[in-house]
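This report concerns only the one structure given below.
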Amino acid sequence: MISTELLPINVAGQWRLGGGDAYESLYPANGEPIARLKAASLADVDEAIVRADLAFRTSGWAQKLPHERAAVLHRVAQLIREEAEPLAQKQRLDNGKPINETRALVASAAATFQFFAAALETLEETITPSRGPFVTMSVHEPMGVVAAITPWNSPIASEAQKLAPALAAGNAVIVKPAEVTPLMALELARICEAAGVPKGIVSVLPGKGSVIGDAITKHPLVKRVSFTGGTTTGKHIAHIAADKMMPVSLELGGKSPTMVLEDADLDHAVNGVLYGIFSSSGESCIAGSRLFVARRIYDEFVTRVAEAAAMLRVGDPASERTQMGPLITAKHRESIERYVELGVSEGGHIRTGGVRPHGAAFDSGYFYTPTILEGLTNSARISQEEVFGPVLVAMPFDNEEELIAQANDSVYALAAGVWSRDFKRAWRLGRAVQAGTVWVNTYKQFSVSTPFGGWRDSGLGREKGREGIFQYMEQKSMYWGTNEQPLPWAN
Ligand SMILES: NC(=O)c1ccc[n+]([C@@H]2O[C@H](COP(=O)([O-])OP(=O)(O)OC[C@H]3O[C@@H](n4cnc5c(N)ncnc54)[C@H](O)[C@@H]3O)[C@@H](O)[C@H]2O)c1
Ligand SMILES: O=S(=O)(O)c1ccc(CO)cc1
């Protein structure tokens, strides 16, 4: 247990107990409580947003010069790095990911603050070509209060990805973390305050999405929602946003295809496929959950992937040797088990996995074995729906045309992988596959300077990259008259 005391939440700079129901955050590896807190109430939501709006207008945060705000964000990055190990351990407890993964997420959160601090300092507004007796320019203004709604699967990284550009842009930010993983957002708010972000500019309101997230989205003072989570929730938020004429960005689900061609470096591809689906226990939006393998090498390749999957070290997230930890909750594991049963009822057979691991070490946590299904087509429900767990569907293909048709036959279009030594084929497939991100001869690599987002049901808008900061700003075109030529009605 991190603390037996009820943890305070952050209502526009006031650290206090939430007004909602008390609940416990559980360690997915053993189901034991690690923290207790009270969720935000609807009154907390309203108070946080009204006070955030006041802080936006009066704290001076939005008026700071870019290099001054950037200095604060650089300090946030530095403080995250100074506290990296305790943060990683806390996130391990909150979310159950293996410690090596939580360390990488903490490092990426620091890098994200550093990147947006640098982006802010070097941001250029544009003077546009004039077409009259005036000087024209395009500038950007902060929006006011913006909301960041995040899922449970990569807490500190998802929150940093929204908080850093939104703060860089000069806004006040309401963070609504997933109910089951509230700790990292609270830690980031504490660090932002310590680094010099004025009180009231960051709030953290944990609680049920359908209540707290909904109220935040509908609030008239909230000028933008940046949402990461499931597609159904994202569509619901998009409807609310349409009614408010509010811009949204939606980072949603995926069912990403990985394509392995006959000429691929198979050692490399086996590792890439395993990492793509089984890292983070498959609880990853970009999990490579549909594997298409050239028929000529299908048996050999899938045998190698299945043998390696069965050898993955599933277990204690605290151990540096662990490759796959537990799933997030007992309920989520049940949903994955139902998907595997569905796959079997649709005609699939389990090549490996498909069970809970046995042994005392696993009894009270939410563990599941790396699972591969074969014998299914791309139109099976388990090939079409996001499982969000360690379940791979493997399918052979006969030619490129059929491969692309199947890879693109999905409501999702978030990511894709291509494995081939033939540059021309890899280029052709990489350009033909419909996805927000394509990895060629690698998978699940990220750079904060490269935009990320999905097509179709995988989302709207892009995060990261220098342009990511503009999501949180309104654009303004300015015309400066030069008085060289009178307006038509001049007297
Ligand atoms: N594309 C990406 O970048 C990306 C990254 C990570 C996860 N995801 C997706 O997230 C999903 C898993 O996360 P999840 O189960 O937490 O998703 P979710 O949609 O259930 O919840 C995400 C967040 O939205 C909140 N929420 C729920 N209902 C809401 C409502 N009506 N109004 C406002 N907020 C609401 C939740 O409390 C949580 O904070 C998967 O589909 C995964 O693919 C996408
Ligand atoms: O693998 S995930 O944790 O789902 C994830 C989160 C965010 C991003 C965007 O940088 C990519 C993958």
Side-chain angles (χ1 to χ4, degrees), residues 39-40 45 95 97 101-102 104-105 108-109 111-112 115 147-162 174-182 185 204-219 222 225-241 248-256 275-277 279-289 327-329 331-332 335 385-389 412-415 435-437 439 443-465 468:
V45 170
N95 161 285
K97 275 185 199 286
E101 283 193 34
T102 60
L105 289 175
S108 95
T112 301
F115 175 81
I149 304 182
T150 54
W152 44 261
N153 65 319
S154 294
I156 197 168
S158 313
E159 279 123 24
Q161 214 163 291
K162 299 183 189 309
I174 307 292
V175 183
K176 155 58 189 96
E179 195 183 16
V180 291
T181 53
V204 179
L205 304 176
K208 272 200 190 335
S210 55
V211 181
I212 301 305
D214 209 54
I216 294 170
T217 309
K218 287 178 176 155
H219 201 288
V222 170
V225 169
S226 174
F227 171 80
T228 300
T231 296
T232 307
T233 319
K235 287 184 179 177
H236 174 76
I237 287 174
H239 279 111
I240 297 171
V248 276
S249 48
L250 304 171
E251 300 283 349
L252 309 177
K255 193 77 196 175
S256 301
Y275 183 70
I277 179 64
S279 59
S280 307
S281 303
E283 294 172 333
S284 166
C285 56
I286 37 83
S289 49
L327 298 165
I328 188 75
T329 57
K331 192 168 158 217
H332 188 54
S335 132
E385 296 177 19
E386 187 184 42
V387 175
F388 217 55
Y412 296 110
L414 189 60
T437 297
W439 286 287
Y443 203 85
K444 217 176 168 183
Q445 300 299 301
F446 289 111
S447 152
V448 64
S449 43
T450 306
F452 178 84
W455 302 5
R456 300 202 285 268
D457 276 15
S458 290
L460 280 180
R462 293 291 177 270
E463 291 196 310
K464 309 203 289 191

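Just so it is clear, the values below take in all heavy atoms, side chains as well, and ignore hydrogens, waters and symmetry mates. Computed from a predicted structure; not experimentally measured. Remember, it's 1-based here, ligands and their atoms both numbered in the order they're listed.
- Protein heavy atom nearest atom 10 (O) of ligand 2, with residue, atom name and distance: K464 NZ, 2.8 Å.
- Of the options K255, K176, E463, the smallest heavy-atom separation from atom 36 (C) of ligand 1 is shown by K176.
- Among residues at least two apart or in separate chains, side chain to side chain donor-acceptor pair (under 3.5 Å) pairs with a member in residues 147-157 are T150-E159.
- Taking a 4.0 Å cut-off on heavy atoms, G454 fails to register as neighbouring ligand 1.
- Annotation: atom 44 (C) of ligand 1 to nearest protein heavy atom, L252 O, 3.0 Å.
- The closest heavy-atom contact to atom 22 (C) of ligand 1, among the options V225, T232, I237, T228, comes from T228.
- Checked by distance only, ligand 1 and W152 come closer than 3.5 Å through their nitrogen or oxygen atoms.
- In this structure a side-chain-to-backbone donor-acceptor pair under 3.5 Å is present from H332 to F388.
- Take E386 and apply the side chain to side chain donor-acceptor pair (under 3.5 Å) test, not counting sequence neighbours, and it matches no residue.
- Considering only non-hydrogen protein atoms, atom 40 (C) of ligand 1 sits nearest to E386 OE1, 3.4 Å.
- The heavy atom nearest to atom 17 (O) of ligand 1, out of those in A287, C285, S249, G230, is found in G230.
- Of all protein heavy atoms, the one lying nearest to atom 3 (O) of ligand 2 is S154 OG, 2.4 Å.
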